[in-house]
2 protein chains.
Amino acid sequence: MEASPPATPNGKQQHLLEQLRRAAHELSGQDLHAQLRNTPQAMGLATVYRHLRQLQQRGLVRCRHLPSGEALFAPTERDEHHLTCVDCGRTVPLPACPMHGDDLSPQQLDGFQLLFHTLEFFGLCPLCQQRQQG
Amino acid sequence: MEASPPATPNGKQQHLLEQLRRAAHELSGQDLHAQLRNTPQAMGLATVYRHLRQLQQRGLVRCRHLPSGEALFAPTERDEHHLTCVDCGRTVPLPACPMHGDDLSPQQLDGFQLLFHTLEFFGLCPLCQQRQQG
DNA sequence: GATAGAGTGAGTATCATTCTCAGTCAAGGG
DNA sequence: CCCTTGACTGAGAATGATACTCACTCTATC
């Protein structure tokens, strides 16, 4: 099917990473699969997830889970965190990350090779506060 | 009616909360359901999840998601965070939380009523680092 | 009692993710 | 040139956690 020159070790992972970098916000596995459909870089859903996991293990993408269970992916270098409503699920990005992995002592790291972190705040958004009072 | 004081609004929710407080570590919805089976406090799986969501919305329990997609619940007052291996999924609790919600400015909060936060670090555990090199 | 409303749970539906497995490709040997 | 080997792929099925449905059961009130 695909006879590409042996330039890069893995073209599909590169495509996924570029897609994530191009995107204005985090994407789910389903999003990525849908966006690539009908393009020359199209790939099956299983392949998307396979490579996302590998990219994550190589520290190139980070991943967070919505309350809905959906996982969202973004490039690791984008250090963005969120405020999420536990009622309606609405998510607001926070402008800056008040936290860095350096804050962990070697003893706390316990031999782990740190790849990324997620810091998520949960609460009730203004609309859901209103609705609950009404 | 919600006219009654919120101290003991619902016996089943109380049971779930007590179960979580008694437990040495976080529990999933399935765990809670299984642990209560064959006790006087037994309740259906649907009821467990219903009440867990309500407890979360009232700020009484926090919830985090494992890479496997499973959600783990703990009482909010237990301010525990983790180091998780993105390969094998092993999780190590961190002794202290280097982060507090107070670190968010009112402007950042954007009207949200803050309930809890999750701070999770991801990396490769020593065993998985070895295995990947071998 | 009769009635209304909230709470419940067994079974089913949903949906993201993972698994299976047969097909395809690339490289190297004979 | 075949032929083997191994890695990669993806369609479809399996998995598993969670949400939904709806008939049933309490409880309180009339």
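Throughout, a chain's letter reflects where its sequence line sits, starting with A, and its residues are numbered from 1. As the structure is a prediction and not an experimental result, all values here were calculated from the model.
Computed from coordinates, the A:His33 NE2 to D:dG12 C1' distance equals 12 Å when rounded to whole Å. The separation between A:Gln54 atom CD and D:dC8 atom C1' is 10 Å, rounded to whole Å. Taking atom CG of residue B:Leu52 and atom P of nucleotide C:dG7, one finds them 16 Å apart after rounding to whole Å. Atom P of nucleotide D:dT18 and atom CG of B:Asp31 are separated by 10 Å, given to the nearest angstrom. The CG-P distance, from A:Leu45 to D:dA11, rounds to 9 Å in whole Å. Look at CG on B:Leu27: it is 14 Å from P on D:dA17, rounded to the nearest Å. Atom NE2 in B:His65 sits roughly 14 Å away from atom C1' in C:dT17 (whole-Å rounding). Counting to the nearest Å, the P atom of C:dT14 and the OH atom of B:Tyr49 are 18 Å from each other.
Within the structure, every side-chain polar atom (N or O) of A:Lys12 is placed at least 4.0 Å from both OP1 and OP2 of D:dA7. Checking the phosphate oxygens (OP1, OP2) of D:dT9, no side-chain nitrogen or oxygen of A:Thr47 falls inside 4.0 Å.
In this structure, the side chains of B:Phe121 and B:Leu94 come closer than 4.5 Å at one or more pairs of heavy atoms.
Judged purely by atom type and a 3.5 angstrom limit, A:Gln56 has no side-chain atom pairing as donor or acceptor with the backbone of A:Phe73.
The listed nucleotides are C:dG9, D:dA11, C:dT17; the one nearest the side chain of B:Ala46 is C:dG9. In the set C:dT17, C:dT18, D:dT18, C:dT18 carries the atom at the smallest distance from any side-chain atom of A:Arg53.
Ring pair A:His81/A:His117: centre-to-centre distance below 6.0 Å.
Within the nucleic acid shown, B:His51 comes within 4.0 Å of sugar-phosphate atoms alone, with no base atom in reach, counting heavy atoms only.
Residues B:Leu114 and A:Val86 do not share a hydrophobic cluster, defined by chaining ILVMFWY side chains whose heavy atoms lie under 4.5 Å apart.
Between B:Ala71 and B:Arg50, the residue anchored closer to the 5' end of DNA chain D is B:Ala71, taking for each the nucleotide with the nearest heavy atom.
Summarising the geometry, atom CD belonging to A:Gln41 is positioned 4.0 Å from atom NE2 belonging to A:His15; distances are rounded to the nearest 0.5 Å.
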